[in-house]
Amino acid sequence: MSDQTTTASEQDENHIIAERRAKLAEWRATGKAYPNDFERENISGKIIELYDSKTSEELEANPVEVKVAGRIMLKRVMGKASFITISDVGGRIQIYVARDKVGEEEYAAFKRWDIGDIVGVVGPLFRTKTNELTVQANDIRLLSKSLRPLPEKFHGLTDQEQKYRMRHLDLIMNEQSRFTFVARSRIVQSIRNYMCSHGFLEVETPMMHPIPGGASARPFMTHHNALDMPLYLRIAPELYLKKLVVGGFEKVFELNRNFRNEGMSPRHNPEFTMMEFYEAYSEYHKLMDFTEGVLRHSAREALGAEVFEYQGRTLDLSKPFDRLTMVEAIMKYRPQYTLEQLNDADWLRQRLTAMKVELKPGMGLGTLQLLMFEETTEADLWDPTFIIDYPAEISPLARSSDANPEITERFELFIVGREIANGFSELNDPEDQAERFMAQAKAKDAGDEEAMYYDADYIRALEYGLPPTGGCGIGIDRLVMLLTDSPNIRDVILFPQMRPE
RNA sequence: GGGUCGGUAGCUCAGUCGGUAGAGCAGCGGACUUUUAAUCCGUUGGUCGGGAGUUCGAAUCUCCCCCGACCUACCA
């Protein structure tokens with residue numbers, strides 16, 4: 001009895017697929033399955049662009065024959081004539097298939113094709129009664145069989161998980177998804193162009209590091225068999241890029257993946273894309289100017305505008321971005337706090353403890369201010385805002401301020417409450433850097449898993465002399481989220497990390 | 001980790017007070033030569049996320065577990 005149930009359910013689960021496999025078997029029997037000799041010459045969008053202005057009479061007087069191919073998205077059979085809508089890279093176009101034109105045999109075969117199948121069509125353009133530009137099929141061929149049914153034609157694929165797990169299906173069904181990833185490509189292209197046209201050299205540095213460096217994060221670890229040594233997927237390209245500046249590549253950038261073995265969230269994916277750039281004889285104020293330029297340029301290229309909506313709220317990149325210290329930002333957005341309070345380490349400790357923030361002994365004033373900023377203000381920085389002058393103790397690669405060695409010449413850029421970029425005047429004093437690494441190594445020994453390693457190789461490079469340099473990283477995924485109005489980082493990564501099914 | 005919501009046919013979803021499973025689309029059979037989510041007639045298809053319990057009887061109630069979305073926290 002249980003055997004019967006199992007068999008029945010297996011059949012049920014696959015009955016649509018089984019039906020299509022049977023059709024595929026019939027197709028194979030003709031000896032013409034999966035041909036690749038159809039020469040597609042036209043794209044739907046281009047056809048519409050060129051001929052949608054032509055009247056029915058004009059198309060009759062000067063016939064335009066096209067060869068299009070694409071996936072059947074809709075099928076309406078009315079006896080001896082049918083309409084299908086096919087989808088290709090340029091959009092959709094309607095095809096009229098009449099038995100009189102394609103022949104009895106071909107038409108009978110066509111009637112058995114399914115939504116999702118890929119076809120090639122040859123024939124002239126005409127206009128239907130309702131004036132829709134349509135291809136009249138003189139010839140129609142099945143090019144590829146779809147064994148799995150597409151989601152329901154009206155509602156499409158709405159399940160978020162399925163959209164992420166089966167991006168191919170999401171792209172077939174959702175115009176919005178196609179748009180987002182085309183926009184992503186344009187944004188990346190525009191940034192690359194902007195950098196190159198400003199004299200930056202694009203480089204590729206290792207993704208496998210013997211010592212993970214350049215950021216404070218937990219790395220993914222792997223192992224090289226031949227060398228029998230551990231390797232880490234990079235958490236940032238920073239140290240390698242600065243070695244290139246030592247080497248005389250004074251303006252470099254790298255646009256590629258980083259990997260961080262940390263929590264996932266709507267704003268965090270374990271692998272994510274950064275554009276990091278370094279410029280000799282620059283410093284953090286110039287970097288902020290340049291970063292603003294990069295963002296405005298990519299917005300213009302992707303959207304044609306510097307002012308747009310994000311999640312129903314206006315975002316304006318056209319005005320100069322605010323530049324505030326953490327204390328200034330807190331006082332601007334949380335006027336109940338005074339300068340005296342925010343400069344009083346004991347008061348901050350008390351406040352933060354009351355807010356249930358975990359404090360470690362030895363935290364300096366700057367770090368306490370940072371925590372206060374994160375706790376009270378960061379999420380409200382909707383308009384683009386550079387927060388400047390980060391505490392040295394959490395910025396081990398940044399140059400200290402001449403006026404106050406406790407702080408560094410560093411900024412983070414926040415937009416819609418999210419960190420989008422992070423940059424600073426680089427620490428190019430090898431002895432200072434060695435001391436900072438020592439402090440990090442000590443923190444790591446004390447159990448801070450995100451503290452940096454002591455990187456002797458990097459110190460040696462600095463000892464050859466790094467010119468005064470500014471460097472910055474821009475989170476490309478988060479930028480794409482802004483420019484495509486996407487609420488979740490997974491919406492802008494083609495194949496986001498998912499728990500296995 | 002915490003909270004909220006959810007998991008029912010291939011897809012999108014209903015399912016009342018606990019009474020033994022429904023629609024649309026897709027599929028299959030039929031009608032139809034200008035449709036637009038085509039239409040019309042007929043029809044196949046279910047481990048109701050999993051397990052245990054309560055009950056004469058559970059998609060429905062209880063408990064445990066799994067999976068997901070969103071929020072929140074953590075991860076600068």
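Labels below follow one simple rule: chain letters A, B, ... track the order of the sequence lines, proteins then strands, and each chain is numbered from 1. Because only heavy atoms are used, hydrogens play no part in the values below, and waters and symmetry mates are left out as well, while side chains stay in.
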Colleague: Considering only side-chain heavy atoms of A:Pro149, which listed nucleotide, B:A37, B:A69, B:A26, is closest?
Modeller: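 The listed nucleotide nearest to A:Pro149's side chain is B:A26.
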Colleague: Does the structure show a Watson-Crick or G-U wobble partner for B:C32, both distances under 3.5 Å? Name it, or say none.
Modeller: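 WC or wobble partner does not exist here.
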Colleague: For B:G6, give the paired nucleotide (Watson-Crick: N1-N3 plus N6-O4 or O6-N4; G-U: N1-O2 and O6-N3; both under 3.5 Å), or none.
Modeller: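 B:C67 - that is the nucleotide pairing with B:G6, both distances being under 3.5 Å.
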Colleague: Using the side chain to side chain contact (heavy atoms under 4.5 Å, CB included) rule, take A:Val68 and A:Val122 through it: C-alpha gap first, then chi angles, then the decisive distance, then the call.
Modeller: CA-CA 7 Å; A:Val68 291; A:Val122 180; over 6 Å; no
Colleague: With no angle test and no hydrogens, is the base of B:U35 tied to the side chain of A:Glu132 by a donor-acceptor pair under 3.5 Å?
Modeller: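 No pair found.
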Colleague: Decide yes or no, distance alone: a donor-acceptor N/O pair under 3.5 angstrom between the base of B:U12 and the side-chain of A:Asp159.
Modeller: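 By the distance-only test, no, there is no pair.
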Colleague: Check the distance between B:C75's C1' and A:Ile394's CD1 and give it to me in whole angstrom.
Modeller: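 These atoms are roughly 14 Å apart.
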Colleague: Nearest whole angstrom, please: distance from the P of B:A26 to the CD1 of A:Ile84.
Modeller: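 Nearest whole value for this atom pair: 15 Å.
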Colleague: Report yes if at least one side-chain N or O of A:Arg76 is closer than 4.0 Å to OP1 or OP2 of B:A38; otherwise report no.
Modeller: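 So the side chain of A:Arg76 is within the cut-off, an N or O lying under 4.0 Å from OP1 or OP2 of B:A38.
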Colleague: Describe the nucleic acid contact of A:Leu150 in one word from base, sugar-phosphate, nothing, applying a heavy-atom distance below 4.0 Å.
Modeller: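 No contact.
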Colleague: Are A:Lys444 and A:Tyr453 in a cation-pi contact, defined as NZ or CZ under 6.0 Å from the six-membered ring centre and within 45° of the axis?
Modeller: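 The answer is yes, since A:Lys444 meets both limits relative to A:Tyr453.
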Colleague: Can you check the distance between B:A26 and B:C41, where both ends of the measurement are the P atom (answer in whole Å)?
Modeller: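 That atom pair is separated by 14 Å.
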Colleague: Side chain of A:His15 only, please: which of B:U35, B:C28, B:U44 is the nearest?
Modeller: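 Nearest to the side-chain atoms of A:His15, counting from C-beta on, is B:U44.
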Colleague: Can you tell me how far C1' in B:G50 sits from the matching atom in B:G42, rounded to whole Å?
Modeller: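 It works out to 37 Å between them.
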Colleague: Donor-acceptor pairs under 3.5 angstrom involving side-chain atoms of residues 92-99 of chain A: please list them, not counting sequence neighbours.
Modeller:
from, atom 1, to, atom 2, distance (Å)
A:Gln94, OE1, A:Arg76, NH2, 2.8
A:Gln94, NE2, A:Thr134, OG1, 3.1

Colleague: Using the C1' atom on both, measure B:U60 against B:A21 and round to a whole Å.
Modeller: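 It comes out at 12 Å once rounded to the nearest Å.
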Colleague: Among B:C32, B:C28, B:U34, which is the nearest nucleotide to the side chain of A:Phe83?
Modeller: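 Between B:C32, B:C28, B:U34, the one nearest the side chain of A:Phe83 would be B:U34.
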Colleague: Among A:Leu413, A:Val416, A:Ile387, A:Ile415, which residue satisfies the side-chain contact (heavy atoms from CB on, under 4.5 Å) criterion with A:Leu381?
Modeller: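 Only match with A:Leu381 under side-chain contact (heavy atoms from CB on, under 4.5 Å): A:Ile387.
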Colleague: Rounding to an integer number of angstrom, what distance separates B:C25 and B:C63 when you compare their C1' atoms?
Modeller: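 It comes out at 38 Å once rounded to the nearest Å.
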Colleague: Using whole Å, what does the distance between atom P of nucleotide B:C13 and atom CZ of A:Phe154 come to?
Modeller: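 To the nearest whole Å, that distance equals 12 Å.
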Colleague: Kindly say if A:Lys23 contacts the phosphate of B:C28, meaning a side-chain N or O under 4.0 Å from OP1 or OP2.
Modeller: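 For B:C28, OP1/OP2 do have a side-chain N/O of A:Lys23 under 4.0 Å.
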Colleague: Give the rounded distance in Å between these two atoms: CD1 of A:Ile16 and P of B:G29.
Modeller: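 Going from A:Ile16 (CD1) to B:G29 (P), I get 13 Å.
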Colleague: Phosphate oxygens OP1/OP2 of B:A69: is one of them under 4.0 Å from a side-chain N or O of A:Arg490?
Modeller: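 Yes, within the criterion.
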Colleague: If we call it a pair only when both distances are under 3.5 Å in a Watson-Crick or G-U wobble match, what pairs with B:U43?
Modeller: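 B:U43 is paired, partner B:G27.
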Colleague: Taking the P atom in each of B:G7 and B:A59, what is the distance between them to the nearest angstrom?
Modeller: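 One P to the other, the span is 15 Å.
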Colleague: With rounding to the closest Å, how many angstrom separate the P atoms on B:G29 and B:U34?
Modeller: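 It works out to 23 Å between them.
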Colleague: Is the distance from OP1 or OP2 of B:C11 to the nearest side-chain N or O of A:Lys153 less than 4.0 Å?
Modeller: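 No, outside the criterion.
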Colleague: Counting heavy atoms from C-beta on, name the nucleotide in B:A38, B:U33, B:C75 closest to the side chain of A:Glu262.
Modeller: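 For A:Glu262, the side-chain atoms sit closest to B:C75.
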Colleague: Please confirm whether any donor atom in the side chain of A:Thr158 sits under 3.5 Å from an acceptor in the base of B:U12, or the reverse.
Modeller: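 Checked by distance alone, the answer is no.
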Colleague: What's the CZ-P distance between A:Arg260 and B:C74, to the nearest Å?
Modeller: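 It works out to 18 Å between those atoms.
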Colleague: How long is the line joining NE2 of A:His155 and P of B:A23, in whole Å?
Modeller: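 Rounding to the nearest Å, NE2 of A:His155 and P of B:A23 are 17 Å apart.
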Colleague: Rounding to an integer number of angstrom, what distance separates B:C48 and B:C61 when you compare their P atoms?
Modeller: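 Here B:C48 and B:C61 have their P atoms 16 Å from each other.
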Colleague: Please name the nucleotide paired to B:C48 by Watson-Crick or G-U wobble geometry with both distances under 3.5 Å, or report none.
Modeller: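 Partner of B:C48: none.
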Colleague: By nearest atom, which of the nucleotides B:A37, B:G29, B:U12 is closest to the A:Arg112 side chain?
Modeller: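 When the side chain of A:Arg112 is considered, B:G29 is the closest of B:A37, B:G29, B:U12.
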Colleague: By nearest heavy atom, map A:Glu412 and A:Asn488 onto RNA chain B; which one lands nearer the 5' end?
Modeller: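 The residue whose closest nucleotide sits nearer the 5' end is A:Asn488.
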Colleague: Closest approach to the side chain of A:Glu19, judged atom by atom: which nucleotide of B:G68, B:C28, B:U34 is it?
Modeller: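 Minimum distance to the A:Glu19 side chain belongs to B:C28.
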Colleague: Please tell me which of the listed nucleotides, B:U72, B:G27, B:A69, lies nearest to the side chain of A:Gln160?
Modeller: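 Looking only at side-chain atoms, A:Gln160 lies closest to B:A69.
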Colleague: Starting at the 5' end of RNA chain B and moving along, which residue's nearest nucleotide shows up first, A:Glu419 or A:Tyr96?
Modeller: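 Whichever sits nearer the 5' end wins; that is A:Tyr96.
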Colleague: Taking the side chain of A:Gln94 as heavy atoms from C-beta outward, which of B:A38, B:A26, B:U35 is closest to it?
Modeller: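 Of all the options, the side chain of A:Gln94 is nearest to B:U35.
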Colleague: So, A:Trp382 versus A:Phe414, ring centres under 6.0 angstrom or not?
Modeller: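 A:Trp382 vs A:Phe414: aromatic centres not under 6.0 Å.
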Colleague: Ion pair present between A:Lys163 and A:Asp159, side-chain N to carboxylate O less than 4.0 angstrom?
Modeller: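 So A:Lys163 does not pair with A:Asp159 through a salt bridge.
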Colleague: Which of these passes side-chain contact (heavy atoms from CB on, under 4.5 Å) with A:Gln369: A:Asp389, A:Ile330, A:Ile407, A:Asn343?
Modeller: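 Going through A:Asp389, A:Ile330, A:Ile407, A:Asn343 one by one, the side-chain contact (heavy atoms from CB on, under 4.5 Å) with A:Gln369 is satisfied by A:Asn343 alone.
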Colleague: Just checking, is any N or O donor in the side chain of A:Ser146 or A:Asp117 under 3.5 Å from an acceptor N or O on the other one?
Modeller: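 Their side chains do not contain a donor-acceptor pair, so the 3.5 Å distance test is not met.
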Colleague: Need the pair for B:A38. Rule: Watson-Crick or G-U wobble, both distances under 3.5 Å, any strand; none if unpaired.
Modeller: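 Checking every strand shown, B:A38 finds no partner, since no pair has both distances under 3.5 Å.
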Colleague: On a whole-Å scale, what distance lies between the P atoms belonging to B:U12 and B:A69?
Modeller: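 Roughly 15 Å separates the two P atoms.
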Colleague: For A:Arg260 and A:Ala236, work out which heavy atoms get closest and say how close.
Modeller: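 Heavy-atom minimum between the residues: NH2-CB, 4.3 Å.
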Colleague: Choose from B:C75, B:G27, B:G24 the nucleotide whose nearest atom is closest to any side-chain atom of A:His268.
Modeller: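 My answer, after comparing the listed nucleotides, is B:C75.
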Colleague: Between atom CD in A:Gln136 and atom P in B:U35, what is the gap in whole Å?
Modeller: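 In whole Å, B:U35 P lies 15 Å from A:Gln136 CD.
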Colleague: Figure out the CE/P separation between A:Met78 and B:G30, and round it to whole Å.
Modeller: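 Checked: the CE to P distance equals 18 Å.
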Colleague: Would you indicate what A:Phe414 reaches in the nucleic acid, counting non-hydrogen atoms under 4.0 angstrom: base, sugar-phosphate, or nothing?
Modeller: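 No contact.
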